[in-house]
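Note on naming: letters A, B, ... go to the chains in the order of the sequence lines (proteins, then strands), and numbering restarts at 1 for each one.
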Amino acid sequence: MLAPDATLEDRRRSRPAVPIYRGRRLTLAPHRRAPDPANLLEIRRWVRQARGPTALDVFCGAGGLSLGLKDAGFTILAGADSDPASVETHLATIGGLGYLGDLADPGDFLERLEVWGIEHVDLVAGGVPCQPFSRAGRSKIRHLVESGVRSPFDARTTLWRSFVRIVDALQPRAVLLENVPDLAAWEDGELLNEFRDSLEDLGYRTAARVLNAYEHRVPQHRARLFVVGLRAGREFKWPRPAKRTTVRDAISDLPAAPPAQREERLDYAGPSTALQKRLRRGVPRRDADAIYDHITRDVRPDDAEAFALLAPGQTYKTLPEHLRRYRCDIFDDKYNRLSWDGLSRSITAHMARDGYWYIHPEQNRTLSIREAARIQTFPDWFRFAGEPSHQYRQIGNAVPPLLAEAVGRALRRTLSTRGRPPQRSRGGFREDLLRWHTKNARNYPWRHTRDPWHVLLAEVCLHRTRAEQVVPVYEALIRLAPSPTSMVENADTARDIMRSLGLRGRADLMIDMARVIVERHGGRTPETREELLDLPGVGDYAASAVVVFALDRRVVLVDTNTTRIIQRVRGLERAGHWHFRSETYDLADSKGADAAFNYAMLDLGALICRPSQPLCSQCPVTKDCMAYQSRRYLPRQAQAQGGGR
DNA sequence: GTCCTGTGCA
DNA sequence: TGCACAGGAC
């Protein structure tokens with residue numbers, strides 16, 4: 001027994017670790033209907049005879065996306081991935097052809113497709129590896145780049161360029177890309193815009209949206225970005241939300257299993273919920289009373305004690321101190337017990353390391369491999385090649401099959417309709433907006449500059465301040481300090497100017513900023529987003545403003561004004577930044593959100609599309625505005641809105 | 001395979 | 001501030 005005053009270090013040392021146990025590697029035979037990979041004639045015949053719309057799954061992983069698309073009626077001709085076990089899983093479960101190789105350069109893959117006789121497919125789908133874009137991964141990678149461990153030119157852009165090259169080579173009727181939502185926030189949306197631009201350049205009309213898995217029968221908090229590209233002016237209709245399911249719906253029928261349960265096959269009594277019945281579909285008759293891979297991790301004695309004390313919804317912090325091995329100031333959610341009637345947290349590849357976020361609702365252990373697969377909505381006949389930790393990784397990285405199926409069905413519906421040119425040509429909104437703006441633009445001195453330093457000055461002054469108030473300050477500052485160097489030299493005078501005009505708090509910030517530019521960048525205002533964000537007082541908005549107004553790049557400036565406009569025009573209630581950016585991408589047309597577009601949006605928000613009592617009668621874009629249109633057709637809302645006069 | 005330490009965005 | 005999802009060392 002340890003003394004009550006034992007340090008964290010003492011407690012750690014005293015704890016017996018669970019002995020390392022390496023699970024059995026599972027080997028899977030190829031699907032019985034898959035062509036023999038050694039027999040080229042057979043492969044070509046198989047490709048020729050493929051029915052229904054055909055698809056290719058690149059970066060296929062275990063095949064969650066493939067399975068969903070298959071269930072939606074697509075024939076998956078081939079899956080490609082750089083991970084051997086994933087390709088093995090894909091070949092065994094999905095069938096078709098498998099390509100094992102690095103797709104950073106897709107040349108070899110494209111050659112192989114040609115050899116196989118695959119010259120055309122209806123759909124190219126894929127989940128480009130997402131770790132570089134995801135939340136916790138991003139900063140880690142930045143850290144690694146800074147410390148020189150990793151090259152900044154990592155695979156994150158090459159991989160989607162590969163994807164575009166494959167699309168270009170095969171010219172499919174449709175394209176589907178899956179990724180983590182943070183891809184949309186990367187570079188303030190520029191990366192996603194570039195990706196969509198390159199598809200649009202190839203003749204695809206693109207749409208992007210973040211879908212929540214729990215809206216498509218998957219009992220899990222899991223938001224994923226989907227980008228769809230369609231030829232021939234087709235309009236994609238996103239799948240409608242379905243009835244939600246819970247953890248209970250997914251796993252309540254599985255037999256109780258102790259920690260360290262290693263039996264591959266256990267007796268099974270049968271499904272009880274609709275979801276369980278769905279996930280038992282396709283299980284061979286001989287396995288009707290068996291469940292596979294209900295394999296669990298061992299649990300350390302101290303963790304077992306902690307799990308026992310942890311009710312669903314309770315946090316790590318509430319545990320007695322002797323059971324907290326991890327620093328409490330960082331982790332308040334190190335452990336998480338699932339609740340029967342709730343959603344699971346997102347099943348991630350991290351399950352291969354520890355399962356602390358996924359403690360079984362009743363049993364004092366983390367989720368078994370089968371339970372993780374169930375919560376990802378993999379059917380019970382679906383097994384994963386490799387060692388247990390590798391199986392967890394494949395499950396965590398997969399697109400939930402039922403979510404993929406929902407998107408796949410929506411795609412099939414769209415593809416089966418005749419392509420029609422869109423009713424309004426794209427660009428209507430942009431043209432109308434800019435035409436209005438040529439006569440109605442507000443004229444501010446900072447709108448005439450293309451000097452990054454001047455834009456920066458203006459943005460710092462404008463933060464939470466009315467533009468009219470900023471005009472004299474800005475003009476005086478530009479005269480006094482046309483460059484960061486002169487700002488440092490005239491720091492006292494600059495401070496006086498700003499103080500006299502009531503922007504006192506901002507003065508020191510601006511002088512700091514100038515000093516850093518002089519010291520770190522030789523007096524030249526930096527031109528990359530990272531360097532701009534590193535300056536004191538520069539946030540996302542200011543960095544984007546510099547990039548758009550001074551450097552000719554195309555980024556949507558998301559603030560309360562533009563958000564409000566998009567909200568009204570698109571009829572959205574509440575949505576994340578990514579959503580607004582995505583909608584703005586559509587409205588901004590092929591020229592994108594350049595300086596002209598952003599200025600016009602800012603002015604529209606300030607002059608016409610005001611927070612209260614918008615001047616819809618003078619608005620140039622009512623044709624495209626859902627709020628305006630629906631008010632017209634819903635007189636009750638119009639009264640409610642107009643009641644205040 | 002296991003343990004420990006985080007970050008980013010709304 | 002809370003919530004949702006990471007990676008490295010050994």
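- Between A/His221 atom NE2 and C/dC5 atom P the separation is 8 Å, expressed in whole Å.
- Nucleotide C/dG7 holds its C1' atom 6 Å from the CZ atom of A/Arg353, rounded to whole Å.
- Note on residues 338-350 of chain A: pairs passing salt bridge (Lys or Arg N to Asp or Glu O under 4.0 Å), not counting sequence neighbours, are A/Arg248-A/Asp341, A/Asp333-A/Arg345.
- Rounded to a whole Å, the CG atom of A/Leu338 is 12 Å from the P atom of C/dA4.
- Atom NE2 of A/His350 and atom C1' of B/dC3 are 10 Å apart (whole Å).
- Annotation: ring-ring contact (aromatic ring centres under 6.0 Å, His included) contacts of A/His360 (sequence neighbours excluded): A/Trp340.
- If you take CZ of A/Phe331 and P of C/dA6, they are 14 Å apart, rounded to a whole angstrom.
- For A/Phe549, the ring-ring contact (aromatic ring centres under 6.0 Å, His included) partners two or more places apart in sequence, or in a different chain, are A/Tyr599.
- For B/dC3, one of the phosphate oxygens OP1 or OP2 lies less than 4.0 angstrom from a side-chain nitrogen or oxygen of A/Arg300.
- Atoms CG (A/Asp333) and P (C/dA6) sit 13 Å apart, rounded to a whole Å.
- Separating the NZ atom of A/Lys334 from the C1' atom of C/dA6 is a distance of 10 Å, rounded to the nearest angstrom.
- Between the side chains of A/Arg196 and A/Thr206, at least one donor N or O sits under 3.5 Å from an acceptor N or O.
- Not counting sequence neighbours, the partners of A/Val87 by the side-chain contact (heavy atoms from CB on, under 4.5 Å) test are A/Asp81, A/Leu91, A/Leu100.
- Put simply, OH on A/Tyr356 is 21 Å from P on C/dA4, counting in whole angstrom units.
- Minimum atom distance to the side chain of A/Trp357 is reached by C/dA6, of the listed B/dT2, B/dT5, C/dA6.
- A donor-acceptor pair under 3.5 Å is formed between the side chain of A/Arg337 and the backbone N or O of A/Leu310.
- Among the nucleotides C/dA4, B/dT5, B/dC3, the one closest to the side chain of A/Arg325 is B/dC3.
- With sequence neighbours excluded, the residues that form a salt bridge (charged side-chain N to carboxylate O under 4.0 Å, His left out) with A/Arg370 are A/Asp293, A/Asp380.
- Remark: A/Tyr326 is not in phosphate contact with B/dT5, judged by side-chain N or O atoms under 4.0 Å from OP1 or OP2.
- Interface residues of residues 387-396 of chain A facing DNA chain B, ordered by number: A/Pro388, A/Ser389; criterion, heavy-atom separation under 4.0 Å.
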